[in-house]
Amino acid sequence: MNYFSNNKLWPLIVLLLILINTATLVFFWVSNKKDLPTQGEGNRGSAAAYLTKELQLDAAQQAAYKTLREEHQQSMQAIRRQLKEAKDVFFNLLNSPEVDEATINQYASKTAGIEQQLDVLTFHHFKEVRALCNDEQKIKFDGIIKKVVQMMGPQRPPRRNGNDSLHRPFGPPPQNGDGMPEGVPPHGGNSNEPPPQ
């Protein structure tokens, strides 16, 4: 005879276990939510807060750093839009089975060049931030800057409708007069013209 089939405590035990599990999940959810950055702050906001705290920036330095960050973010957004558009065109080449390696490399180089612009812009931004520091702060800055950059994460193009260009379905690319994706040189990329700017 099964002990639990005749035991009136069995439903109560199940209910108690469910309540304990629910309470545990809620506890962890609330605890983790407190540790998350506020909406719109993201990893870059956390990196900025970390840098400000570790360098012990005074009020004047914090104001100057805030201005630098705002200028940097505006410039980055403009370049990220270019990168997003360039990657869309590049991966739309998948819809053209006849596309040759020269064309693929041409468009891959274009996206790599834009990504390089992001790196250079970030480098100059942190060079300006370092210039705000006194001698003691510069030593601390040199010791933590790699961690700050890692906290910011890879520079990615912005998402559209919550979908990254690499994770959304590929629609038919805009066509030019030769039936190739827009921006692709005619005759399989044998044109001597440079990639579109």
Side-chain angles (χ1 to χ4, degrees), residues 21 23-92 104-170 195 197:
N21 285 336
T24 303
L25 289 173
V26 169
F27 172 77
F28 282 116
W29 182 75
V30 171
S31 298
N32 289 337
K33 192 173 181 182
K34 289 179 183 177
D35 296 334
L36 293 174
T38 58
Q39 185 175 6
E41 181 184 16
N43 289 336
R44 284 167 180 75
S46 300
Y50 173 79
L51 191 63
T52 300
K53 179 182 176 183
E54 290 298 313
L55 297 180
Q56 298 179 335
L57 300 179
D58 61 31
Q61 288 174 318
Q62 288 184 42
Y65 178 36
K66 181 181 178 182
T67 300
L68 288 177
R69 278 174 46 219
E70 290 172 352
E71 292 172 354
H72 178 246
Q73 287 169 359
Q74 289 176 359
S75 300
M76 293 287 281
Q77 286 174 2
I79 297 176
R80 285 195 199 104
R81 280 193 294 269
Q82 294 177 23
L83 180 59
K84 169 78 172 64
E85 292 167 4
K87 287 201 172 190
D88 280 346
V89 173
F90 175 61
F91 284 102
N92 279 337
I104 294 169
N105 290 331
Q106 185 181 36
Y107 283 85
S109 295
K110 180 175 173 64
T111 59
I114 298 173
E115 288 178 337
Q116 181 180 357
Q117 290 178 41
L118 291 172
D119 289 339
V120 170
L121 188 65
T122 300
F123 180 90
H124 286 297
H125 166 69
F126 282 121
K127 189 175 180 182
E128 291 175 333
V129 174
R130 189 180 188 276
L132 294 175
C133 300
N134 60 37
D135 291 341
E136 183 180 342
Q137 289 171 327
K138 284 177 180 174
I139 295 172
K140 291 181 181 177
F141 178 93
D142 294 341
I144 66 173
I145 187 58
K146 289 182 181 177
K147 181 174 181 178
V148 171
V149 173
Q150 288 173 352
M151 289 173 71
M152 291 173 62
Q155 309 296 337
R156 294 176 62 98
R159 294 169 179 247
R160 180 169 60 193
N161 298 329
N163 290 320
D164 189 88
S165 62
L166 296 179
H167 295 96
R168 65 182 179 83
F170 296 108
Q197 298 299 319

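Scored by the side-chain hydrogen bond (donor to acceptor under 3.5 Å, both in side chains) test, Asp142 finds Arg130 as partners (sequence neighbours excluded). Legend: residues meeting side-chain contact (heavy atoms from CB on, under 4.5 Å) with Glu71, ordered by chain and number and at least two apart, are Thr67, Leu68. Residues that satisfy the side-chain contact (heavy atoms from CB on, under 4.5 Å) test with Leu121, not counting sequence neighbours, are His72, Ser75, Met76, Ile79. Applying the side-chain contact (heavy atoms from CB on, under 4.5 Å) test to Lys147 and every residue at least two apart in sequence or in another chain returns Tyr50, Met151. Partners of Gln116 under the side-chain contact (heavy atoms from CB on, under 4.5 Å) rule, at least two apart in sequence or in another chain, are Val120.
Counting heavy atoms of neighbouring residues, nucleotides and ligands inside a 6.0 Å radius, atom NZ of Lys66 does not exceed 12 of them.
The NZ atom of Lys84 sits 3.5 Å away from the CG atom of Asp88 when rounded to the nearest 0.5 Å. Rounded to the nearest 0.5 angstrom, Leu118 CG and Gln82 CD are separated by 9.0 Å. Rounding to the nearest 0.5 Å places OH of Tyr65 at 5.0 Å from NE2 of His125. Here the straight-line distance linking atom NZ of Lys110 with atom CG of Asn105 works out to 15.5 Å at 0.5 Å rounding. Within the model, atoms CZ of Arg69 and CG of Leu51 stand 9.5 Å from one another, a figure rounded to the nearest 0.5 Å.
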Distance-only donor-acceptor pairs under 3.5 Å for side chains of residues 53-60, two or more places apart:
{"from": "Asp58", "atom 1": "OD1", "to": "Ala60", "atom 2": "N", "distance (Å)": "3.2"}
{"from": "Asp58", "atom 1": "OD1", "to": "Gln61", "atom 2": "N", "distance (Å)": "2.7"}

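Nearest heavy-atom pair across Phe141 and Phe126 is CZ-O, 3.4 Å. A pairwise comparison of heavy atoms in Ile114 and Ala86 identifies CD1-CB, 3.7 Å as the closest pair.
Side-chain contact check for Gln77 versus Arg81: some heavy-atom pair is nearer than 4.5 Å. The shortest side-chain heavy-atom distance between Gln137 and Asn134 falls under the 4.5 Å cut-off.
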